[in-house]
Participant: 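I have a structure I would like to understand better, so I am pasting it below and will then ask my questions one at a time.
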Amino acid sequence: MNKAPVITIDGPSATGKGTIASRVARRLGYRLLDSGALYRVLALAAHERGVDLDDGTAIAALAPRLDIAFPANGKATLAGRDVSTEIRTGGNDERASRVAALPEVRQILLPVQHGFRKPPGLVAEGRDMGEVVFPDARCKFFLTASAEIRARRRHKQLIGKGLDARLPGLLRDLRSRDRRDEQRSISPSRPASGAVEIDTSELTIDQVVDRVMGVITAN
Ligand code: C5P
């Protein structure tokens, strides 16, 4: 069977992954999977229903019952309700990373993620896209940047949306989330084998997109 081509873009949060994946998808005319948004919506739904965030069985049982949709890039709905901002604020970063550390949850979300792979192709972004979810991807990337630079980017993003944000708290949260994502026993965040690593600390979004497109075109 000829499967639709996949480009994977992994890396820690605030490396510009989301914006870069979305631009690369647009240039290629491919679909986009923001896998972090799946974990984020599931975490929000579990929290709202009072489900214990460490109970993998209960959260995995909740997942198939949810009506989650991504009507546009950066938008997410839960049973028709726009939760795009809620999933990225008010402690939901932390919740998503806790829920994502549960093996039952990762297992149940695997076929959901595979379902995004449709012609003409898919750009998938997250932590384990290249290593676990789409190991046969055509090109794999791993984006990095220093924690300080990532915290500053996140700060600018939140302030730009008119939300309250403090740099020291953001940096602390980011580091604790990095630690959990990198040290968990299942699908820890690290470069997939064969991934092209790009340090985005000193690069603009356009420069990263150009590098990614350069590698894709050459392969
Ligand atoms: O990418 P984003 O910051 O939106 O992801 C939110 C959380 O979901 C991350 O902290 C990580 O724990 C988890 N995640 C994951 N695997 C993915 C994507 C996200 O574990 N493929």
Participant: Is it the case that the side chains of Asp82 and Ser84 hold a donor-acceptor pair, with the cut-off being a distance below 3.5 Å and no angle test?
Facilitator: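 Indeed, the side chains of Ser84 and Asp82 share at least one donor-acceptor pair under 3.5 Å.
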Participant: Could you tell me whether Arg117 atom CZ has more than 12 heavy atoms of other residues or ligands within 6.0 Å of it?
Facilitator: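 Yes, enclosed.
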Participant: Can you find a heavy atom in the side chain of Ile198 that is under 4.5 Å from one in the side chain of Phe142?
Facilitator: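 No - every pair of side-chain heavy atoms lies 4.5 Å or more apart.
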Participant: On a heavy-atom basis, which atom in Pro188 and which in Arg184 lie closest, and how many Å separate them?
Facilitator: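 Of all heavy-atom pairs spanning Pro188 and Arg184, the closest is CB-O, 3.5 Å.
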Participant: Show your reasoning for whether side chain to side chain contact (heavy atoms under 4.5 Å, CB included) applies to Val133 and Leu110.
Facilitator: CA-CA 7 Å; Val133 184; Leu110 211 48; 3.8 Å; yes
Participant: Indicate yes or no: does Arg98 engage Asp93 in a salt bridge with an N to O separation below 4.0 Å.
Facilitator: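 Judged by the 4.0 Å cut-off on N to carboxylate O distance, Arg98 and Asp93 do not form a salt bridge.
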Participant: May I ask you to test the Leu33-Gln113 pair for a side-chain heavy-atom distance under 4.5 Å?
Facilitator: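 Yes - at least one pair of side-chain heavy atoms lies under 4.5 Å apart.
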Participant: Please report the interatomic distance SG(Cys139) to CG(Asn219), rounded to the nearest 0.5 Å.
Facilitator: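 If we round to the nearest 0.5 Å, Cys139:SG and Asn219:CG are 4.0 Å apart.
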Participant: Do the side chains of Thr200 and Arg153 get nearer than 4.5 Å, heavy atoms only?
Facilitator: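 Yes, close enough: below the 4.5 Å cut-off.
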Participant: Any donor-acceptor pair under 3.5 Å linking the side-chain atoms of Ser97 with those of Arg180?
Facilitator: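 Their side chains do contain a donor-acceptor pair, which is all the 3.5 Å distance test asks for.
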Participant: Salt bridge check: are Glu86 and Arg40 linked by an N-O gap of less than 4.0 Å?
Facilitator: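 Salt bridge absent between Glu86 and Arg40.
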Participant: Pair Glu148, Arg175 - check salt bridge (charged side-chain N to carboxylate O under 4.0 Å, His left out), show working.
Facilitator: CA-CA 10 Å; Glu148 288 77 11; Arg175 286 202 164 117; 2.7 Å; yes
Participant: Is there a donor-acceptor pair closer than 3.5 Å between any side-chain N or O of Thr89 and the backbone N or O of Thr85?
Facilitator: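 Yes; at least one donor-acceptor contact below 3.5 Å.
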Participant: Can you check whether Leu32 reaches Arg26 side chain to side chain, under 4.5 Å on heavy atoms?
Facilitator: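 Side chain of Leu32 against side chain of Arg26, heavy atoms only: no contact under 4.5 Å found.
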Participant: Indicate yes or no: does Asp10 engage Arg190 in a salt bridge with an N to O separation below 4.0 Å.
Facilitator: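 The answer is no: the pair does not qualify as a salt bridge.
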Participant: Less than 4.5 Å apart, side chain to side chain, heavy atoms only: is that true for Leu78 and Asp67?
Facilitator: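 Leu78 vs Asp67: side chains apart.
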Participant: With a 3.5 Å distance limit and no angle check, can you tell me whether Thr204 reaches the backbone of Gln207 through a side-chain donor-acceptor pair?
Facilitator: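 Yes: the side chain of Thr204 pairs with the backbone of Gln207.
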Participant: At their closest point, which heavy atom of Ala63 faces which heavy atom of Ile108, and how far apart are they?
Facilitator: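 Minimum heavy-atom contact is CB-CG2, 3.9 Å.
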Participant: Using side-chain heavy atoms (C-beta onward) and a distance below 4.5 Å, is Asp34 in contact with Phe70?
Facilitator: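 Result no, sub-4.5 Å side-chain heavy-atom pair not found.
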Participant: Is Lys140 paired with Glu197 through a side-chain N to carboxylate O contact shorter than 4.0 Å?
Facilitator: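 Looking at Lys140 together with Glu197, the answer is no, because their closest N to O distance does not fall below 4.0 Å.
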Participant: State, to 0.1 Å, how close Ser193 and Glu131 come at their nearest heavy-atom pair, and which atoms those are.
Facilitator: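 Where Ser193 meets Glu131 most closely, the heavy atoms are N-OE1, 2.9 Å.
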Participant: Check Leu143 against Pro12 and note the closest heavy-atom contact, atom names and distance.
Facilitator: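 Scanning both residues completely, I find the closest heavy atoms to be O-CD, 3.3 Å.
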Participant: Show which residues join Ile186 in its hydrophobic cluster (side-chain heavy-atom contacts under 4.5 Å, direct or indirect), or state none.
Facilitator: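 Traced through the cluster, Ile186 reaches no other member.
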Participant: Compile the donor-acceptor pairs under 3.5 Å between side chains in residues 156-173 and protein atoms, sequence neighbours left out, one pair per line.
Facilitator:
from   : atom 1 : to     : atom 2 : distance (Å)
Gln157 : OE1    : Arg154 : NE     : 3.0
Asp164 : OD1    : Arg166 : NH2    : 3.4

Participant: Which heavy atom of Ser201 sits nearest to which heavy atom of Ser146, and what is that distance?
Facilitator: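 Here Ser201 and Ser146 meet closest at OG-N, 3.2 Å.
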Participant: Without hydrogens or angle criteria, can the side chains of Thr144 and Arg150 be said to hold a donor-acceptor pair below 3.5 Å?
Facilitator: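 On atom types as modelled, these side chains do not qualify, holding no pair under 3.5 Å.
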Participant: Among residues two or more places apart or on two chains, list those pairs meeting ring-ring contact (aromatic ring centres under 6.0 Å, His included) that have a residue in residues 88-127.
Facilitator: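 Listed by first then second residue: His114-Phe134.
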Participant: Do Ile7 and Ile216 come within less than 4.5 Å of each other through their side chains, counting heavy atoms only?
Facilitator: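 The answer is yes; the side chains approach within 4.5 Å.
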Participant: Output yes when a side-chain donor or acceptor of Asp128 lies under 3.5 Å from a complementary backbone atom of Ser187, and no otherwise.
Facilitator: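 No; judged by distance alone, with no hydrogens or angles, the pair does not exist.
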Participant: Could you check whether Arg127 pairs with Glu182 (Lys NZ or Arg NE/NH1/NH2 to Asp/Glu carboxylate O, under 4.0 Å)?
Facilitator: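 A salt bridge is absent here (no side-chain N lies under 4.0 Å from a carboxylate O).
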Participant: Looking at Leu174 and Ala147, what are the two nearest heavy atoms and their distance?
Facilitator: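 Residues Leu174 and Ala147, closest heavy atoms: CD2-O, 3.9 Å.
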Participant: So Leu122 and Tyr30, do their side chains get closer than 4.5 Å, heavy atoms only?
Facilitator: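 A side-chain contact under 4.5 Å is absent here.
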